[in-house]
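Worksheet: one structure, shown below.
As the structure is a computational prediction, the values presented were derived from the model and not from experiment.
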Amino acid sequence: MSRRLIVPLLALLCLLSGCNAWRNDDYLSLSPHSTATTQTASPDAVTVENYLELKNAILGFIREGQANGTIRVTNYDGDVEADLSEAAYEVSKLDPLGAYAVDYMTHDLVRIVSYYEIHISITFRRTAEEIAAIEPVSTEAQLQSKLHEAINRCDSRLTVRMSNYQEPDIQAMVDEYCAENPGTVIEKPTLTVSAYPDTGTVRVLEIDFGYTETPQALAEKAEAVGESVDAAAEYIRYRDSDRGKAELLFTYLMERFSYVSGESSTPLYDALCSGVATPLGLSQAWQLICDQAGVECYTVSGLKDGESYTWNIISADGYFRHVDLYRCVLERGTLVLESDGEMSGYYWSQEDYPVCEPEPTVPVTVDPPEAPAETPPAEEPEPEDPQPEEPTEPPAETPDESQPHPDGDGAQAAV
């Protein structure tokens with residue numbers, strides 16, 4: 001075969017076998033066919049060069065709710081394989097976000113010529129929406145503010161990332177807010193609080209709120225409570241005295257329902273709108289109406305016969321008096337205002353509330369009984385003015401019969 005035919009033939013064979021154009025630096029390598037996929041660099045890979053960047057890259061996948069991610073390691077200044085295992089454990093178990101969101105995590109490491117490629121696979125126990133809902137707080141005041149907003153909206157959950165963590169008393173915060181705002185917080189929620197991780201000064205707090213009513217139903221009940229409070233306050237507003245307003249308010253409530261005692265998850269609503277009486281519901285109703293009508297009033301949290309109990313203290317024409325509306329409604333049938341000394345069986349922190357002193361006893365002036373009429377003593381005759389004594393003539397001398405008569409006849413005078 002001539003040389004002219006050999007060269008074109010070799011070129012044709014090369015094209016048919018898939019060879020590229022020849023260059024001086026190319027070489028031909030023949031190897032058995034394999035179905036294995038050639039490793040290629042991921043275009044979405046995150047590039048890291050040290051341990052901190054490695055850990056932050058894994059956290060970034062969690063923060064985005066990304067189940068799979070690729071990390072390219074170049075110019076690494078440590079042991080990549082050892083650091084990868086440590087970083088995966090630290091992020092998923094010790095970091096607040098990982099401890100909260102990750103169920104478990106797997107990883108593998110591949111060497112590609114001059115760099116490593118890490119493939120991360122994450123199984124989440126929280127959704128991307130739940131992760132995105134985490135709110136940062138750094139003080140208890142900020143936490144309280146978030147709690148108040150969540151309760152006002154009747155949210156089912158609040159999740160915060162709290163720095164400077166010192167185990168706040170979340171139940172006490174919720175109790176206090178609900179007690180101070182009975183007109184807007186119609187149902188006090190139950191709480192479930194979880195902290196992630198178990199230790200540390202920075203943690204994710206997951207706070208679940210439990211309600212028996214839907215947010216829409218609670219909003220409707222809050223509206224009904226507001227209307228009832230306004231009507232009652234207007235009804236008693238024009239009485240002249242605080243005591244008179246209290247008496248009229250009691251009459252107003254008693255005329256609305258024949259109250260029955262019962263348990264309630266919405267005690268204020270039931271006290272004003274359905275006739276179910278609880279100490280808490282009636283004391284809250286009394287407080288709100290007095291506030292609207294301009295009567296000074298306090299809700300007392302204390303004990304009665306050793307059990308938690310609530311009642312009111314109101315201003316009554318210059319004095320403060322206890323009002324146990326629950327007993328008045330269900331037992332007494334009339335309004336009873338009592339001083340501190342009359343509250344037998346009750347206990348409360350007296351320094352936190354006004355003193356209910358008894359009204360001073362006003363001395364009553366009583367006219368002494370009239371003495372029985374005495375018989376006046378007999379009047380002695382007034383002595384007459386002494387009359388001047390007239391000079392008396394000396395009595396005539398009786399002649400001595402024994403003497404001889406001057407006449408000399410010696411005869412006696414006849415008697």
Side-chain angles (χ1 to χ4, degrees), residues 36-112 115-138 143 146 150 155-168 170 190-210:
T37 302
T38 303
Q39 294 286 348
T40 59
S42 171
D44 298 325
V46 179
T47 301
V48 303
E49 296 183 353
N50 54 56
Y51 179 79
L52 181 59
E53 291 178 353
L54 174 61
K55 189 173 71 171
N56 287 338
I58 300 173
L59 276 172
F61 299 149
I62 298 172
R63 194 175 295 111
E64 297 298 325
Q66 186 175 335
N68 296 282
T70 302
I71 302 172
R72 182 182 301 167
V73 182
T74 62
N75 303 318
Y76 197 79
D77 59 1
D79 185 335
V80 177
E81 187 172 359
D83 285 357
L84 175 59
S85 296
E86 184 177 348
Y89 174 81
E90 183 177 346
V91 168
S92 61
K93 301 299 181 183
L94 304 181
D95 184 87
L97 179 60
Y100 168 72
V102 175
D103 190 8
Y104 63 90
M105 180 187 304
T106 61
H107 54 82
D108 63 78
L109 178 67
V110 178
R111 173 82 184 208
I112 301 178
Y115 63 89
Y116 289 95
E117 195 165 89
I118 299 171
H119 299 279
I120 301 292
S121 179
I122 303 172
T123 299
F124 289 94
R125 57 184 173 192
R126 298 288 186 268
T127 66
E129 292 75 16
E130 289 173 323
I131 295 171
I134 299 173
E135 301 185 57
V137 298
S138 58
L143 175 60
K146 297 295 183 183
D155 290 345
S156 60
R157 174 174 291 174
L158 170 66
T159 309
V160 299
R161 185 180 190 274
M162 186 173 187
S163 55
N164 303 314
Y165 181 85
Q166 294 184 352
E167 196 170 357
I170 296 176
T190 58
L191 293 182
T192 302
V193 181
S194 303
Y196 302 90
D198 294 334
T199 60
T201 58
V202 179
R203 302 195 203 180
V204 169
L205 293 180
E206 184 181 65
I207 305 165
D208 288 320
F209 304 95

The test is salt bridge (Lys or Arg N to Asp or Glu O under 4.0 Å); show your working for Glu135 and Lys146 and say whether it passes. CA-CA 9 Å; Glu135 301 185 57; Lys146 297 295 183 183; 2.8 Å; yes
If I take atom CG from residue Leu158 and atom CD1 from residue Ile134, how far apart are they, to the nearest 0.5 angstrom? 10.5 Å
Compare every heavy atom of Ala88 with every heavy atom of Met105, then report the nearest pair and how far apart it is. SD-CB, 3.9 Å
May I ask you to decide if Glu49's main-chain N or O and Glu53's side chain share a donor-acceptor pair within less than 3.5 Å? yes
Determine the minimum heavy-atom distance between Ile62 and Gly98, stating which atoms define it. CD1-CA, 4.2 Å
Could you tell me which non-hydrogen atom of Gly65 sits nearest to which non-hydrogen atom of Ala128, and how far apart they are? CA-CB, 4.4 Å
Provide the closest heavy-atom pair for Ile170 versus Ile207 in the form atom of the first, atom of the second, distance. CD1-CD1, 3.8 Å
If we only count heavy atoms from C-beta on, is the Leu97 to Arg63 side-chain gap below 4.5 Å? yes
With a 3.5 Å distance limit and no angle check, can you tell me whether Glu64 reaches the backbone of Gln66 through a side-chain donor-acceptor pair? no
Taking the side chain as every heavy atom from C-beta outward, state whether Tyr116 and Val110 have any pair of such atoms under 4.5 Å apart. no
Enumerate the ring-ring contact (aromatic ring centres under 6.0 Å, His included) contacts for residues 47-76, please, sequence neighbours excluded, ordered by first and then second residue. none
Shortest non-hydrogen separation from Arg125 to Val102 and the atoms involved: NE-O, 3.5 Å
Does any non-hydrogen side-chain atom of Pro168 lie less than 4.5 Å from one of Met162? yes
Would you check if Leu143 and Val160 make a side-chain contact, meaning some heavy-atom pair closer than 4.5 Å? yes
Under 4.5 Å between any side-chain heavy atoms of Val80 and Leu109, yes or no? yes
So, taking the atom named CD1 in Ile112 and the one named OH in Tyr115, what distance separates them when rounded to the nearest 0.5 Å? 4.0 Å
Cation-pi check for Tyr196 against Arg203: NZ or CZ below 6.0 Å from the six-membered ring centre and within 45 degrees of the axis, yes or no? no
Any heavy-atom pair between the side chains of Ser85 and His107 that's under 4.5 Å? yes
Would you say Asp103 has more than 12 foreign heavy atoms packed within less than 6.0 Å of its CG? yes
Taking NZ, NE, NH1 and NH2 as the nitrogens, is one of them in Arg157 or Glu206 under 4.0 Å from a carboxylate oxygen of the other? yes
Distance from Lys55 atom NZ to Leu94 atom CG, nearest 0.5 Å? 9.0 Å
Find the distance between OG1 (Thr159) and CZ (Arg161) and round it off to the nearest 0.5 Å. 13.5 Å
Measure the shortest side-chain to side-chain distance between Thr47 and Thr74 over non-hydrogen atoms and say whether it is less than 4.5 angstrom. yes
Does a side-chain heavy-atom distance below 4.5 Å link Ile118 with Asp108? no
Roughly how far, to the nearest 0.5 Å, is the CD1 atom of Ile120 from the OG atom of Ser92? 10.0 Å
Minimal non-hydrogen separation, Val91 against Asp95, with atom names: O-CB, 3.4 Å
Which distance, rounded to the nearest 0.5 Å, do you find between the CD1 of Ile71 and the CG of Leu84? 7.5 Å
